Amino acid sequence: MIKLVGVEKTLGGQPVLCGVDLEIPQGKLTTIIGRSGEGKSVLLKHMIGLFKPDRGEVWVDGTEISRLKGTALNDARKRFAMLFQGAALFDSLTVFDNVAFPLREKLGLPESDVARRVGEKLDQVGLTGMGHKFPAELSGGMKKRAGLARALVMEPEILLIDEPTTGLDPLMAKTIHDLIVAMHKTFGFTAVMVSHEIPEIFAISDWVAMLKEGKIAAMAPSKEFQQTTDPAILEFISVGGTVALAHAVREG
Amino acid sequence: MVTAMITRLGRTTLFLLGEMGRMLLFLVATIAWFTRPPLRPLQILKQLHFIGFKSSFVVVLTAAFTGMVLGLQGYYSLRKFGAEAALGSAVALSMIRELGPVLAALMVTARAGSAMTAEIGIMRITEQIDALDTMAINPLQYLISPKLVAGLIGVPLLVAIFDVVGIYGGYLVGVELLGVNAGSYWSSIESAVEWKDVYGGILKSISFGLIVSWVCCYKGYYTRMSAEGLGTATTEAVVLTSVLILVWDYFLTSVLL
Ligand SMILES: Nc1ncnc2c1ncn2[C@@H]1O[C@H](COP(=O)(O)OP(=O)(O)OP(=O)(O)O)[C@@H](O)[C@H]1O
Ligand SMILES: [Mg+2]
């Protein structure tokens, strides 16, 4: 379980997080929503110790990750995998080598196993036969999927994914959502996802939390979240709903 | 007015002290991570290829012309005393003691150092360094320490090449072109160059190698998150490395003499 207690963070003179209290349930898929620039990516990075809170604590299963340094922090991170918003692929390596990287460097698997697992993941994210390309030769959406493959290939205990479907067409977005759900079912990892895909996320997430003005404005199981009466939240989540409705109407 | 100036002076001094502290910590942490397993010989070889092999052409070129111009200048000065026979020792001593280490290190800074800063800086901006962190792979260990080691090994080797090519360049101009006696060119080198000179040159080149990869990696690692930040980092890396090389060179020379 990941727990944030009163996390405050100021970046570039601008308060971004102003007392975030959040508990991510073990083994569940939790989605964080919120407006652009609200601090969702910053929040995610606090969970893996890339940012240290100015005030407050970040706990991961009884260790305060916000206090760890050096090798201890390194060890704590072994249970995580993360997809960055910008994919953060190593641009000196091919797609295949990018996905293989954590397997080789972290697990030291033999090459035959590496090839099998990487090939499997690339198929799952729809990048079959793209392994030899370099990140610079990929489209934004393909980079995203390669990054997701790199995060999933580790079969981590905790998965942090920042906007896995941004920049993807609706069909591919659905494929990726299905993949995340299937992986989640199989491995039962704790997943935290940042996403703008309203209303799709309500169908796939166990919990939904909304970040607003540097605080968690609401957190509830996905079904209850949709029944909220808070006008501000309603406004935010219903815009997506309206678009979906319009689609449905147009398609008859 | 005066207080404002004093304030600014104080702030600059504090910033510089802080920067020096950070640089030192960066170096110590990198060395500490390097001593932990796993050792990545392949990464070190790759960096050696980049810093060493890929700089060899420009180093050979500069060395040849430096040696040749030394041959010309040396001949011109020495002839005034009728001491052309000592041309070999003049060329060799200036090469081995001074020009080899300094010029080779400056060329490596310009070619490989700036590229290192840019490479690491881009990795910082595009969160590739953070990605390494999230994979529980320490970036200082994986990314920086191989470059540091490659600098320590590569620059001395390049300096050795520089010295040899430079001395031969002096030979070409002095002996083949200006007619100094070949035997006296080589024998004056043999009698004038002592082991002490060679050791000094090696010591210089090792420390220059450290300075190049240390400063250039540091500047890249702490690049500010913008394209402008990357440009600034690269410029600062080259300027600071070059200045440090020259200052440290003076210091070492005065101690070694
Ligand atoms: N490394 C950084 N240095 C300085 N400021 C930062 C840094 N990272 C983020 N910020 C600032 O923090 C705020 C929140 O950024 P963040 O990337 O978390 O937003 P977000 O909610 O993920 O938005 P989006 O949905 O567009 O991805 C922004 O104002 C941003 O400028
Ligand atoms: Mg974001």
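Per chain, numbering begins at 1; letters A, B, ... match sequence-line order. As the structure is a prediction and not an experimental result, all values here were calculated from the model.
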**Student:** Tell me whether Phe187(A) at atom CZ has more than 12 heavy atoms from other residues, nucleotides or ligands lying less than 6.0 Å away.
**Tutor:**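 Count over threshold, so yes.
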**Student:** What closest approach, in Å, do Gln128(B) and Asp91(A) show between heavy atoms, and which atom pair accounts for it?
**Tutor:** NE2-OD2, 3.0 Å
**Student:** Pick one of side chain, backbone, both or neither for Arg79(A), based on which atoms fall under 4.5 Å of a heavy atom in chain B.
**Tutor:**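 For Arg79(A), no heavy atom lies under 4.5 Å from chain B.
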**Student:** Just checking heavy atoms, which of residues 59-76 of chain A are less than 4.5 Å from chain B?
**Tutor:** Gly70(A), Thr71(A), Asn74(A)
**Student:** Should we count NZ of Lys52(A) as having more than 12 external heavy atoms under 6.0 Å?
**Tutor:** yes
**Student:** Counting heavy-atom pairs closer than 4.5 Å to chain B, which one of Met154(A), Arg150(A), Gln85(A) comes out on top?
**Tutor:**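 Top option by heavy-atom pairs under 4.5 Å: Arg150(A).
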**Student:** Report, in residue-number order, which members of residues 129-149 of chain B are under 4.5 Å from chain A by heavy-atom distance.
**Tutor:**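 Within residues 129-149 of chain B, the residues under 4.5 Å from chain A are Asp130(B), Ala131(B), Leu132(B), Asp133(B), Thr134(B), Met135(B), Ala136(B), Ile137(B), Asn138(B), Tyr142(B).
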**Student:** So which bits of residues 16-50 of chain B come within less than 4.5 Å of chain A, counting non-hydrogen atoms only?
**Tutor:**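 At a heavy-atom separation under 4.5 Å, chain A is reached by Trp33(B), Arg36(B), Arg40(B).
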**Student:** Please list all pairs passing the side chain to side chain donor-acceptor pair (under 3.5 Å) test where one or both residues lie in residues 205-215 of chain B, with sequence neighbours left out.
**Tutor:** Ser207(B)-Trp248(B)
**Student:** Does atom CZ (Arg55(A)) have a neighbourhood of more than 12 heavy atoms from anything else shown, all under 6.0 Å?
**Tutor:**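 Check fails, neighbour count at 12 or below.
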**Student:** Using a 6.0 Å cut-off, check whether atom NZ of Lys106(A) has over 12 heavy atoms from anything other than its own residue.
**Tutor:** yes
**Student:** Working note: Lys45(A) + Glu127(B), criterion side chain to side chain contact (heavy atoms under 4.5 Å, CB included); need CA distance, chi angles, decisive distance, verdict.
**Tutor:** CA-CA 11 Å; Lys45(A) 286 179 188 170; Glu127(B) 298 180 317; 2.5 Å; yes
